[in-house]
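Please read the structure below before turning to the comments.
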Protein chains: 2
Amino acid sequence: MSGKVGSIRDVAKETGLSIATVSRVVNGAKNVTPKTRDRVMDACKKLDYLPNPAAKALSTRKTKTVAAIIPTIEHSVFAKFISALEQSLEDGGYSLVLAISHADEEDELKAARKLLGMGAEAFILSGDAHSPELLDLFKRRNVPFIVTSVWNPTRDYPSIGYNNFMLAANAVKFIASKGHRDIAVLHGPLLMNDRTRMRREGALSLQSDRLELTFVESSLDVAGGKKAIREVLEHNGKITAALCFSDVLALGVYMGLKGTGRKIPKDLSVMGFDNIDWAEAVEPPLTTIELPDRKIAAEVASQIIALLEYGRPIGSVELFGKIIERNSVSDVTV
Amino acid sequence: MSGKVGSIRDVAKETGLSIATVSRVVNGAKNVTPKTRDRVMDACKKLDYLPNPAAKALSTRKTKTVAAIIPTIEHSVFAKFISALEQSLEDGGYSLVLAISHADEEDELKAARKLLGMGAEAFILSGDAHSPELLDLFKRRNVPFIVTSVWNPTRDYPSIGYNNFMLAANAVKFIASKGHRDIAVLHGPLLMNDRTRMRREGALSLQSDRLELTFVESSLDVAGGKKAIREVLEHNGKITAALCFSDVLALGVYMGLKGTGRKIPKDLSVMGFDNIDWAEAVEPPLTTIELPDRKIAAEVASQIIALLEYGRPIGSVELFGKIIERNSVSDVTV
DNA sequence: ATTCAAATTGTAACCGGTTACATTTATGAA
DNA sequence: TTCATAAATGTAACCGGTTACAATTTGAAT
């Protein structure tokens, strides 16, 4: 399709200079006369010259491209993360290429092969469950990668994220501190989602004879939360609070209560996870945990760039969530 | 970083064959002896060989990469679109590279330059407002592109999407058919968003002495819808229905009504746009317009591939929205 | 066994950049 | 003016694939 596009030799011919000189000015080398620089720049403009990326990548062996593989882009947490990542990478002169794994290790592996085949220089993975084959592939080819969303210092590769176990434990503690003794914990699918699993374990670690936790798994959407809260309330009338491992589930709880006569937070306290953009606008405003997704993205980008540009090794870093207290969880009314 | 990776000449050496033959088997040419094929494949596996994409792109002048520039990824409509696009392109052997324009023509132009510099062979743009410089750049370099989300057969470049003017007009007609005469129309920022502008005009075209439309602009999020509905209801008590050009605004309306004593749909009918995944789960279930975003993505992908592979020219295509009637708009109670 | 076309494999040029090294030009001190 | 040195520019090899064309092998027919 694309018609003839000017090459560096065309520019050289146009200016009467050599391709080496053209290359120098295009790459901003300092040792060129201002006069020649201008001459070349004019010719570039005139010929509409853009360096051929393939040629450049071939001779420098650098594509300035990093890959991210995420389970889905259709959840705002990931969308926000990707958006921030793209921004940070861009600022550092790198491009982001994206693939979706659908939370499937096989798909992730296939995506990684493809992205490698596109020249990705480093990888950003999500979560803590990856096929051994993928890890092996990275090791054999010496491809740097970071795992995000989770923080797990026990692995031999770097992870940047939060401690899901702690986050959930802290949320439970917060609710318990309001006097709640019977708490429903709503979460999305456990299968292939170690983030959710870690949160569940964190909550579970606080279970005791003074604190009864009822776990309900549902699809990770509003309909799931709605269905889940209705079911659990029907079977267990003592529950006074619902902890949702995702704000969309919390919205489901809001909707599930409509028409039941129960009010939030008088009859049921609800707490979310993520601090999604509408968490404050909902009625009553949702108490939730703000996750530092943009910060993770920035940290990931800066570490990857530091590695790729200066060989500085990547270290794991833990980032912390913050409870945003609004009006959806109240002291238990005796 | 990456350690030595095998090149095609290494594989040739390993097998004792020539690089041409290796290239043939790697690319699945038919005229190779099965025996040689196996020999090469084994060596590839053994040496962990992956063809260098830059070299391949350089000699074939094909990157198998298409670019999409979208205003934001943080709205589910775009996220869904991108997800579907990635899928369809992938199935056709192409990769998607993504950039975010923040609904800014300058950013869009910059992104396009960068993506061109990454070797994108075709572009997918969103909406109908683009800098002339960008259009000119594409024309000069003969880069194929499609505009999506909108359908506008008057332009000299192809667009695949829906007719926003008609969509909004139909929505207004639908609400009016239930007997409503005073309708609030809530929409996001008009600035830099021709989709919203076209919808507004479509609604406006139905304004008459029998049909009073009150337009309210707000930020495109739940908080915006909430604030907007409260304001408009305060100033105009006759309003019996709210048409929201986005489901998130509709959710804002739901929230805005809480505590005011007004009920949906008894006191206020509300209709959305998008049929977002939770539209059905909300209480009462939201009547809205389903937009064929996945279908657009599939259509866009298949046309782009047909062009890139077989030179088949791209044609504009109009896709239609569909009103999904649930329980949030009712006949006006006199 | 010989011949010849068809099938397989090899050789080498080319894609469009970068860069080490060689060459030319500019600068300034003697 | 002359020469030493530094700065600017040029030459050509190289990155790792693809592919036209040449060379070789295979196999069927005579």
Side-chain angles (χ1 to χ4, degrees), chain A residues 1-41 43-44 47-65 93 116-121 141, chain B residues 1-41 43-44 47-65 93 116-121 141:
Chain A
M1 266 302 90
S2 301
K4 283 243 63 44
V5 307
S7 83
I8 198 175
R9 301 180 211 251
D10 297 323
V11 178
K13 199 164 303 166
E14 174 77 18
T15 55
L17 293 160
S18 73
I19 57 172
T21 301
V22 175
S23 176
R24 284 183 195 108
V25 351
V26 169
N27 289 80
K30 55 270 119 228
N31 50 346
V32 260
T33 296
K35 183 152 40 80
T36 14
R37 180 183 309 282
D38 291 345
R39 203 138 58 96
V40 172
M41 305 246 269
C44 286
L47 298 184
D48 219 351
Y49 171 70
L50 263 187
N52 179 317
K56 178 163 199 154
L58 181 56
S59 73
T60 60
R61 285 137 238 255
K62 291 207 175 323
T63 58
K64 290 277 194 172
T65 284
L116 227 31
M118 281 182 66
E121 296 184 55
R141 302 183 65 96
Chain B
M1 267 300 94
S2 301
K4 282 242 62 44
V5 307
S7 83
I8 198 174
R9 301 181 211 251
D10 295 324
V11 178
K13 198 164 301 165
E14 173 78 17
T15 56
L17 293 160
S18 72
I19 57 171
T21 301
V22 175
S23 175
R24 284 183 195 107
V25 352
V26 169
N27 289 78
K30 54 269 122 223
N31 51 345
V32 259
T33 295
K35 183 152 41 79
T36 353
R37 180 184 308 283
D38 291 345
R39 204 141 55 98
V40 172
M41 305 248 267
C44 286
L47 298 184
D48 220 351
Y49 170 69
L50 263 188
N52 179 317
K56 178 165 201 153
L58 179 57
S59 75
T60 61
R61 292 132 232 255
K62 291 208 175 324
T63 58
K64 290 276 192 174
T65 284
L116 226 31
M118 281 181 66
E121 297 184 56
R141 302 183 63 98

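Excluded from the calculations below are hydrogen atoms, water molecules and symmetry mates; all remaining heavy atoms, backbone and side chain alike, are included. Order of the sequence lines fixes the chain letters, A, B, ..., with proteins taken first and strands second; residue numbering starts at 1 for each chain. On a predicted model such as this, the values are computed, not experimentally measured, just so you know.
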Mind calculating the distance between [atom1] ([X]) and [atom2] ([N]) to the nearest angstrom?
{"X": "B/N31", "N": "C/dT9", "atom1": "CG", "atom2": "P", "result": "8 Å"}
{"X": "B/L17", "N": "C/dT8", "atom1": "CG", "atom2": "P", "result": "14 Å"}
{"X": "B/L47", "N": "D/dG16", "atom1": "CG", "atom2": "P", "result": "14 Å"}
{"X": "B/L58", "N": "C/dG16", "atom1": "CG", "atom2": "C1'", "result": "5 Å"}
{"X": "B/R37", "N": "C/dT8", "atom1": "CZ", "atom2": "P", "result": "10 Å"}
{"X": "A/I8", "N": "C/dT18", "atom1": "CD1", "atom2": "C1'", "result": "8 Å"}
{"X": "A/K35", "N": "D/dA8", "atom1": "NZ", "atom2": "P", "result": "11 Å"}
{"X": "A/R61", "N": "D/dG16", "atom1": "CZ", "atom2": "C1'", "result": "9 Å"}

So which nucleotide from D/dG16, D/dT9, C/dG16 ends up closest to the side chain of A/S7?
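The listed nucleotide nearest to A/S7's side chain is C/dG16.
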
From C-beta outward on A/S18, which listed nucleotide comes closest to its side chain: C/dT8, D/dT9, C/dG17?
D/dT9

Audit row: A/I8, A/Y49, side chain to side chain contact (heavy atoms under 4.5 Å, CB included) steps and yes/no:
CA-CA 8 Å; A/I8 198 175; A/Y49 171 70; 3.7 Å; yes

Starting from the 5' end of DNA chain C, give me the residue, B/T60 or B/K30, whose nearest nucleotide shows up first.
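Its nucleotide being nearer the 5' end, the pick is B/K30.
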
B/D38: what forms a side chain to side chain contact (heavy atoms under 4.5 Å, CB included) with it, not counting sequence neighbours?
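Counting only residues at least two positions away or on another chain, B/D38 forms no side chain to side chain contact (heavy atoms under 4.5 Å, CB included).
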
Has [X] got a side-chain N or O lying under 4.0 Å from the OP1 or OP2 atom of [N]?
{"X": "B/T33", "N": "C/dT9", "value": "yes"}
{"X": "B/S23", "N": "D/dT18", "value": "yes"}
{"X": "A/N52", "N": "C/dC15", "value": "no"}
{"X": "B/K56", "N": "D/dG16", "value": "no"}
{"X": "A/N27", "N": "C/dT18", "value": "yes"}
{"X": "B/S59", "N": "C/dC15", "value": "no"}

Would the distance check show the side chain of [X] and the main-chain N or O of [Y] forming a donor-acceptor pair, the cut-off being under 3.5 Å?
{"X": "B/R37", "Y": "B/V26", "answer": "no"}
{"X": "B/T63", "Y": "B/A57", "answer": "no"}
{"X": "B/N27", "Y": "B/A29", "answer": "no"}
{"X": "A/T21", "Y": "A/L17", "answer": "no"}
{"X": "A/T33", "Y": "A/K35", "answer": "no"}

Rounded to 10°, the angle between the first-five-pair and last-five-pair axes of the helix from C/dA1-D/dT30 to C/dA30-D/dT1 is 40°

Could you measure the distance from the NZ atom of B/K13 to the CG atom of B/L47? Nearest 0.5 Å is fine.
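Going from NZ on B/K13 over to CG on B/L47, the span is 11.0 Å.
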
From B/K62 atom NZ to B/K56 atom NZ, the distance as rounded to the nearest 0.5 Å
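Output value for this atom pair is 12.0 Å.
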
Start at the 5' end of DNA chain D and walk down; is the nucleotide closest to A/G16 or to B/T21 reached first?
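On the 5' side of the pair lies A/G16.
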
Of the non-hydrogen atoms in B/G117 and A/L50, which two are nearest, and what is the gap between them?
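Closest heavy-atom pair between B/G117 and A/L50: N-CD1, 4.5 Å.
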
Considering every strand and a 4.0 Å limit on heavy-atom distances, what is the contact class for A/I19: base, sugar-phosphate, or nothing?
base

Check nucleotides 20-27 of chain C against the protein and report each pair of N or O atoms closer than 3.5 Å, with its distance, or say if there are none.
none

